[in-house]
Amino acid sequence: MTLFIENGAPVIVQGMTGHEGMRHTARMLAAGTNIVGGTNPRKAGTAVSFDVSGSSVDVPVFGTVAEAMEKTGATASVVFVPPRFAKSAVMESVDAGMPLIVVITEGIPIADSAFFVASALSKRIQIVGPNCPGLATFVDTEKNPGSTGVNLGIIPDGITQRGPLGLVSKSGTLTYQLMSELGDIGFTAALGAGGDPVVGTTLLDALKAFQADDDTKACVLIGEIGGSAEQEAARWARDNMTKPVVAYIAGFTAPEGKQMGHAGAIVSGGKGTAQEKKKILEECGIRVGSTPGQTAQIVRQILEELGE
Amino acid sequence: MDLYEYQARTLLEKENISVPAARYARSSHEVAQAVDEIGLPCVIKGQVKTGHRGQAGGVLLAKTKDEAILASEKILPMTIHGHKVNGVLVTEAKNILHEYYVSISLDRTSRDYDVLATVHGGTEVEEIAHNHPEDVRRLHIGPLEDFNLEAATKMAAEIGFYHADVDQAAEILLKMWKVFKETDATLVEINPLAKIGNPTDESSKALCALDAKISLDNNAAFRHPEWSEFTDSQNADPLEVRAQQHGLHYVRLDGQVGVIGNGAGLVMSSLDAVAGAGEGNPAMKPANFLDIGGGASAAVMAESLDIVASDPHVASILINVYGGLTSCKTVAEGILSAIESNGLSKPLVVRFDGNEAAEGLRLLADAKNPHIHVNDTMEEAAANAVAIAREVSTTSGSTTGRH
């Protein structure tokens, strides 16, 4: 069973020729992702050379997403386009029928995100993000020799390996922190859902995917103040999941009405507090760690109980 | 960004939504001038970005100029639920026949827009929803859809607007939608949307927006240069302004342990760890939130440290970095350069993990600075920063709380 994306799937990068795009395309290639092209109408027909562990890899630049898909068969796009142009970039992929779009960009107007998310949903296209670290999958190298998994976005490579955990998170660095704390146990996939008020793949959507994946035995959910995505995921898990979920929530000390870094991380009208989230998660049978370290300990304990 | 009432009403006025005549005033002298222009009786309304200001005494009716001046002298120095009053709005007093509530907001859960209305306006919407759930009407508008006259008229009729007001209410709902979309708002609320006029004269009756609340999407600021007039320079925290100029997210809190980290989630988590370790007597709490972002340079780190250290309440500083894109070595260079160039002497507790953590820790160790402490985990580092802050506060003999 495939989580989110097939191993070795061909991927394009929108915004590849920009500063951030170049830097992260090099990293994704080094992590083994099959990057087959980038898009930039002004540089169409050229190619960008990347140094991948000592050897040079040329990635062609296409004028449009549709052309890139036609020439390369790409099934996923990673978007590094700045906020001002992000809506039209994502809509270009949606209109071209790209099955999976991972939007890394932070600072996209909410109305723009709401528009492209609704457009994607109406076409059964999966969007991850925006304002997220992306998606990383890990493969069993014994079963799939030579395969490395897919790294779409900015999640650092080499922190962890294939294992029984699925992780979904609103926060980038807390994702890396938990991946690292549980690095020896390993993951099937880690998905950064993003810190914006409107995202394409919710915490609930990710739990659904992990529940359906035979190799994922337990889930780690990292939430934070703002909105109610954690509560919705928890209620769904209570009613539908057979696999344990362990959660961590950040922001117990966040004051009302102050945006804590992420656009979506805000307690407003007394709603979306960490206390409220913890309470509902626990009522739904989800154990909530008090720190990332303690959360990792609970995960270990639960895996032992499962005999993993 | 939340707007003050006096700012929000200008956005409604631009769409020709009827609002009472009003003048914004910052002193009792300006209030006297405003009364001359507006007339009597008038209402003096404290400008704060929080609810329940009426119950807190922040809204007063004045029948004479002296009463208006007296009311403003009471309200101007007030702090309501922790929010300092920023001027008053002097508005003409209207004869209110009925109060409705209408709002349009972003619905994060259904990822669309929520038009909410009820015949019971005047109080906070949470209370209305609690007391009269059966009278709350909602309509969801999808991001790919538009709100039209037909839907607005249907809604206005369903809300229970008096028959004679339905067309006018529908028109106001549509104008609110236009304000919502065109200003990149996340909330446009009119409460109360009042029916005003002389009870015996039908022709004098009309709907009027007596109070307005608007929140704007900060992410859309780049396409709204006109928002600069809303910047609250008078009440802005100077350290928050300075951080913003450097593209950093800084939020001032009321504790003694400064906190710096990379990534919003990790910084929030660090605040929680400090608050957890700081329970007891005297309690130690985080002094701020500061996110240096992804892939921060040494200069950004140095600037961040300088901002946090310049808060006089900060007794110790926790620096918690998980190097993903960010290099811990670069962060260490930033720390050392801030100490060198600014003679920083507040104790620092550093926890590095991830990218170039060992190199970063080596740089710090080589500096042999007695003010730099290092711990392996976030939990230990938070406890250490709290212990040091407690020691500093006790030996300096000062009280640790803020006022």
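Numbered from 1 within each chain, the chains take letters A, B, ... in sequence-line order.
- Residue contact with chain A, scored on non-hydrogen atoms closer than 4.5 Å, is absent for B/T377.
- Listed options A/G107, A/A265, A/S113 were ranked by heavy-atom pairs under 4.5 angstrom with chain B; first place goes to A/G107.
- Looking at every heavy atom in both residues, B/T123 comes nearest to B/E127 through CB-OE1, 3.8 Å.
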Are B/L290 and B/V267 close enough, and set up right, to give a side chain to side chain contact (heavy atoms under 4.5 Å, CB included), and what steps lead you there?
CA-CA 7 Å; B/L290 196 155; B/V267 182; 5.7 Å; no
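- When each of B/T109, B/D107, B/N355 is checked for heavy-atom pairs under 4.5 Å with chain A, B/T109 comes out on top.
- Nearest heavy-atom pair across A/G289 and A/I298 is CA-CD1, 3.8 Å.
- For B/D184, the part sitting under 4.5 Å from any heavy atom of chain A is the side chain, from C-beta outward, and nothing else.
- With a threshold of 4.5 angstrom between heavy atoms, B/Y113 approaches chain A through side-chain atoms but not through N, CA, C or O.
- Neither the backbone nor the side chain of A/I155 comes within contact range of chain B, judged by heavy atoms closer than 4.5 Å.
- For the options A/V199, A/T291, A/V198, heavy-atom pairs under 4.5 Å to chain B are most numerous at A/T291.
- Neither the backbone nor the side chain of A/P133 comes within less than 4.5 Å of any heavy atom in chain B.
- Heavy atoms closer than 4.5 Å to chain B are found in the backbone of A/I108, but not in its side chain.
- For A/I222, no part sits under 4.5 Å from any heavy atom of chain B, backbone or side chain.
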Test salt bridge (charged side-chain N to carboxylate O under 4.0 Å, His left out) applied to B/K285 and B/D254, step by step:
CA-CA 7 Å; B/K285 292 195 286 186; B/D254 59 359; 3.7 Å; yes
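- When heavy atoms are compared at a cutoff of 4.5 Å, B/L271 approaches chain A by way of both its backbone and its side chain.
- Side-chain contact, A/D205 with A/T202: a donor N or O sits under 3.5 Å from an acceptor N or O.
- Just one of A/L221, A/V220, A/L182 meets the side-chain contact (heavy atoms from CB on, under 4.5 Å) condition when paired with A/L167; it is A/V220.
- In terms of heavy-atom pairs under 4.5 Å with chain A, the best-connected choice from B/D353, B/D217, B/D2, B/D112 is B/D217.
- Aromatic ring orientation, A/Y176 versus B/Y322: tilted (interplanar angle from 30° to 60°).
- Of the listed residues (A/S171, A/G251, A/P156), the one with the most heavy-atom contacts under 4.5 Å to chain B is A/G251.
- To the nearest 0.5 angstrom, B/H224 atom NE2 is 11.5 Å from B/N218 atom CG.
- There is no contact between B/E380 and chain A, counting heavy-atom distances below 4.5 Å.
- Neither the backbone nor the side chain of B/T326 comes within less than 4.5 Å of any heavy atom in chain A.
- Of the residues considered (B/V251, B/L144, B/D291), B/L144 shows the highest number of contacts with chain A, using heavy-atom pairs under 4.5 Å.
- For a residue to count as touching a neighbouring chain, one of its non-hydrogen atoms must lie under 4.5 Å from one of that chain's; by this rule A/E256 does not touch chain B.
- Checking each of A/R235, A/E230, A/R238 against A/I280 for a side-chain contact (heavy atoms from CB on, under 4.5 Å) leaves exactly one that passes, namely A/R235.
- In this structure, the portion of A/E224 lying under 4.5 Å from any heavy atom of chain B is its side chain and not its backbone.
- With hydrogens and angles ignored, the 3.5 Å screen pairs no side-chain donor or acceptor of B/S327 with any backbone N or O of B/E356.
- No more than 12 heavy-atom neighbours from other residues, nucleotides or ligands sit within 6.0 angstrom of NZ on A/K271.
- When each of B/R53, B/K213, B/K49 is checked for a salt bridge (charged side-chain N to carboxylate O under 4.0 Å, His left out) with B/E5, only B/R53 meets the rule.
- Using bins of under 30°, 30° to 60° and over 60° for the plane-to-plane angle, the ring pair A/F187/A/F138 lands in the tilted bin.
- Interface remark: B/F222 contributes backbone and side-chain atoms alike to the contact with chain A (heavy atom separation under 4.5 Å).
- When A/A229, A/G264, A/A274 are compared by the number of non-hydrogen pairs under 4.5 Å with chain B, A/G264 comes out ahead.
- The choice from A/P83, A/S169, A/S119 that makes the most heavy-atom pairs within less than 4.5 Å of chain B is A/S119.
- Neither the backbone nor the side chain of A/F116 comes within less than 4.5 Å of any heavy atom of chain B.
- Using a 4.5 Å cut-off between heavy atoms, B/D272 touches chain A through backbone and side chain atoms alike.
- Annotation for A/A254 and A/M260: closest pair CB-CG, 3.8 Å, computed over non-hydrogen atoms.
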